[in-house]
Amino acid sequence: MRDRLNLSLPVDMIGRINDLADRKRLTRSAVVEAAVDSFLSPDHADRQEAALTRRLDRLTRQVARLERDQRITAETVALFVRFWLTITPPIAPEDQAAAQAKGRERFEGFVETLGRRIQKGRGFLDEVPADVEAVPSEPGD
């Protein structure tokens, strides 16, 4: 059984209802009925909450992945610097120029390799297994 309901709506809203009804090949009553039904639906709020929860879960996973990558990157840099400082012997003043030239050459090679890897979409963190967690360093490491 159906009952009639007369209501007043803003002119622009009626125009939007007419446009949607024409595009979907529905009656205006069907468009308004679907809109009111959706608004009054008890699960409307639940659907919105579920969608928001899914988005928050995805953001939480992304932030966790960023934190993991940041820990790995920081530890990698720290280990490299410690290793470099430990094994690099002091350079005699007369060898400084040759060492700087060799350093520039190596750095250019590093930048070229880095550029190729980035261009290919490969990164160091992609090579680290996903299940490896950052372990706090022990004294003397």
Side-chain angles (χ1 to χ4, degrees), residues 1-3 5-141:
M1 175 171 159
R2 298 183 73 81
D3 195 5
L5 175 67
N6 292 323
L7 62 133
S8 298
L9 296 172
V11 175
D12 64 322
M13 185 177 291
I14 291 174
R16 291 177 16 216
I17 291 170
N18 288 336
D19 291 342
L20 181 62
D22 290 342
R23 281 196 318 270
K24 299 284 186 175
R25 296 184 179 178
L26 297 170
T27 64
R28 291 188 310 175
S29 293
V31 170
V32 173
E33 182 179 346
V36 171
D37 188 48
S38 174
F39 183 78
L40 296 177
S41 173
D43 66 337
H44 178 70
D46 292 340
R47 282 186 281 149
Q48 281 184 327
E49 184 177 340
L52 183 61
T53 300
R54 283 191 305 274
R55 289 185 193 121
L56 286 174
D57 287 346
R58 186 175 59 240
L59 286 172
T60 300
R61 286 190 305 274
Q62 288 173 339
V63 167
R65 206 170 19 250
L66 286 171
E67 287 173 346
R68 172 189 174 270
D69 290 354
Q70 183 181 15
R71 283 193 314 269
I72 291 171
T73 301
E75 189 64 22
T76 302
V77 169
L79 286 173
F80 172 78
V81 169
R82 182 183 293 166
F83 176 77
W84 182 76
L85 291 173
T86 302
I87 68 160
T88 304
I91 299 172
E94 61 272 7
D95 296 333
Q96 288 284 333
Q100 288 175 352
K102 189 63 167 174
R104 280 191 294 277
E105 178 186 327
R106 288 178 178 171
F107 184 74
E108 288 172 9
F110 167 76
V111 169
E112 287 176 20
T113 302
L114 178 64
R116 281 194 306 271
R117 287 177 64 96
I118 290 173
Q119 215 170 25
K120 291 179 182 177
R122 290 178 34 208
F124 170 71
L125 293 175
D126 296 330
E127 296 174 8
V128 177
D131 58 349
V132 172
E133 287 295 323
V135 178
S137 62
E138 298 175 11
D141 274 354

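Given the structure is predicted, the values throughout are model-derived calculations rather than measurements.
A salt bridge is absent between E49 and R54: the closest approach of a Lys/Arg side-chain nitrogen to an acidic carboxylate oxygen does not fall below 4.0 angstrom.
Taking both residues in full, the closest heavy atoms of Q96 and I91 are given as NE2-O, 3.4 Å, listed atom of the first, atom of the second, then distance. Between I14 and L9, the shortest heavy-atom contact is CD1-O, 3.7 Å.
Annotation: the span from I72 atom CD1 to T76 atom OG1 amounts to 7.0 Å, rounded to 0.5 Å. Atom CG of L56 sits about 11.0 Å away from atom CZ of R61, to the nearest 0.5 Å. In this structure, the separation between CZ on R55 and OG1 on T53 is 10.0 Å, given to the nearest 0.5 Å. Atom-to-atom distance recorded for L20:CG and D22:CG is 9.0 Å, nearest 0.5 angstrom. Interatomic distance, R65 CZ to D69 CG, rounded to the nearest 0.5 Å: 8.0 Å. I17 CD1 to L26 CG: the interatomic distance, rounded to the nearest 0.5 Å, is 12.5 Å.
Taking a 6.0 Å sphere around CZ of R28, one finds it holds 12 or fewer heavy atoms contributed by other residues, nucleotides or ligands.
A 4.5 Å side-chain heavy-atom check between E75 and R71 finds every atom pair outside the cut-off.
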